[in-house]
Protein chains: 2
Amino acid sequence: MQNLGWKRRLTEYIRTTGGHVTAPRLRVAEVFFDMDGHPGIEELHRAVEKRYPGTGGATVYRTMKLLCDSGLACTRDFGDGFARYEALDPAGHHDHLICTACGKIIEFGEEAIEELQEHVSRRHGFQMRDHRLDIYGLCRECAKIEGVG
Amino acid sequence: MQNLGWKRRLTEYIRTTGGHVTAPRLRVAEVFFDMDGHPGIEELHRAVEKRYPGTGGATVYRTMKLLCDSGLACTRDFGDGFARYEALDPAGHHDHLICTACGKIIEFGEEAIEELQEHVSRRHGFQMRDHRLDIYGLCRECAKIEGVG
DNA sequence: CTAAGTGCAAAAATTTTGCAAACTA
DNA sequence: TAGTTTGCAAAATTTTTGCACTTAG
């Protein structure tokens, strides 16, 4: 997976900004990319502390901001009172089918949709850099259970 | 528009919960649905205060939570450090061009994209109920300033 | 009348920032 | 060595809560 690539990509990004590749940054990133799901800062900080005691909370915040700036992660709002982070597979899609019943998330990519997005952007004089498409509804199984449709 | 419907829908919802339809709630809702865009609490509170002085900030928070619970609105994370609210027009669009430089948000609707979403959903046996499309990039003005492509 | 809601201010929770020490390049 | 990053704690922000008073039903 991405686990092979994040270190190189992060290092590359830090270099371009004239920054330093430090141990705390690599530790936070490593723990983050080893985790599944969408940890918030507190959960992530706990996990980092467990593997590498002595890492400050501010560093976790700052490192996650770095990962977001570099495009390796992004924040997602799940309605909790805090930010949660999602690992971004560079070549991956940002399109999801999200089942509101069971929470399952299906990733997909649709070239035609991306082309239309470009099209719409240009029409508004907008320079598209990235996108996120979330479709909410019921997956096959849950639709069956709820006996709808 | 929805402006005709929110009052009835809100009243209905409040009744089902055994709550009271109060003046402050109606004021906040009215100002919110009269606004365009995606106000945060502070912006909304200012607008409410302007039209109906003496409305407390906590009431704005509590009323927006009520609107979200009732399905008339929802929160959106636009990367500012606070929650912004979006009016949910039952028949409306949830598509945005978001400028990562100046924060401007342009709403749009593209029938062709929606059709493709339906298409993709069906292909995955997914029953689409709602969607969110956010396109990030630079608006015309910011692209000019940054002198990019 | 009773239960729910309001406004204010205090409290809680999350995120950012200042700074001396430590570290990368 | 020069400039960046860290960890801590303090500060800033956003959101929630306690409470006496008011209001809807």
- Task: For the pair A:E118 (side chain) and A:M128 (backbone), establish whether a donor and an acceptor sit closer than 3.5 Å, ignoring hydrogens and angles.
- Result: no
- Item | 5'-most by nearest nucleotide on DNA chain D - A:G18 or B:F82 | A:G18
- Message: Output the rounded distance in Å from CZ (A:R27) to C1' (D:dG7).
- Response: 12 Å
- How long is the line joining CG of B:L44 and C1' of D:dT14, in whole Å? 15 Å
- Quick one: on DNA chain D, does B:G19 or B:I41 contact a more 5' nucleotide (nearest heavy atom)? B:I41
- Item | Candidates C:dA25, C:dG7, D:dG7 - which lies nearest the side chain of B:P24 | C:dG7
- Query: How would you list, by chain and number, every residue that makes a ring-ring contact (aromatic ring centres under 6.0 Å, His included) with B:Y52, sequence neighbours excluded?
  - Reply: none
- Message: Regarding B:A23, tell me which of base, sugar-phosphate or nothing describes its non-hydrogen contacts under 4.0 Å with the strands shown.
- Response: nothing
- Task: Show your reasoning for whether side chain to side chain contact (heavy atoms under 4.5 Å, CB included) applies to B:R140 and B:K104.
- Result: CA-CA 11 Å; B:R140 205 191 310 268; B:K104 178 160 61 187; over 6 Å; no
- Task: Using modelled atom types only, decide if a donor and an acceptor are shared between the side chain of A:H45 and the backbone of A:T55 within a distance under 3.5 Å.
- Result: yes
- Note on the structure: With five pairs defining each end axis, the helix from C:dC1-D:dG25 to C:dA25-D:dT1 comes out bent, to 10°, by 50°
- Message: So, OP1 or OP2 of C:dT6: does either fall under 4.0 Å of a side-chain N or O from B:T22?
- Response: yes
- Item | Rounded distance (Å) that lies between atom P of C:dA4 and atom CG of B:L26 | 18 Å
- Below 4.0 angstrom, N of the basic side chain to O of the carboxylate: do A:R51 and A:D34 qualify? yes
- Mind calculating the distance between NE2 (B:H45) and C1' (C:dG7) to the nearest angstrom? 9 Å
- Query: What's the closest nucleotide to the B:R25 side chain, out of D:dT14, C:dT6, D:dT4?
  - Reply: C:dT6
- Task: Could you state the atom-to-atom distance from CZ of B:R15 to P of C:dA4 in whole Å?
- Result: 15 Å
- Write down the atom of B:E30, the atom of B:W6, and the distance for their closest heavy-atom approach. CA-CZ2, 3.5 Å
- So, with a heavy-atom separation below 4.0 Å from DNA chain C, the residues of residues 48-66 of chain B are B:G54, B:T55, B:G56, B:A58, B:T59, B:R62
- Rounded to whole angstroms, how far apart are OH on B:Y13 and C1' on C:dA4? 15 Å
- Task: Evaluate the side chain to side chain contact (heavy atoms under 4.5 Å, CB included) criterion for residues A:H96 and A:F108: first the C-alpha distance (whole Å), next the side-chain angles of each, then the deciding distance (0.1 Å), finally the verdict.
- Result: CA-CA 6 Å; A:H96 303 92; A:F108 72 90; 5.7 Å; no
- Item | Any donor-acceptor pair under 3.5 Å from A:R25 side chain to A:H20 backbone | yes
- Walking DNA chain C from its 5' end, the first of B:G81 and B:T17 to be reached, judged by nearest nucleotide, is B:T17
- Here the distance between atom C1' of C:dT24 and atom NE2 of A:H20, to the nearest Å, is 5 Å
- Query: Just how far, in rounded Å, is C1' of C:dC23 from CD1 of A:I14?
  - Reply: 14 Å
- Mark yes or no for whether B:T63, through its side chain, and B:V60, through its backbone, hold a donor-acceptor pair below 3.5 Å. no
- Quick one: closest heavy-atom pair of B:S121 and A:L97, and the distance? OG-CD2, 3.8 Å
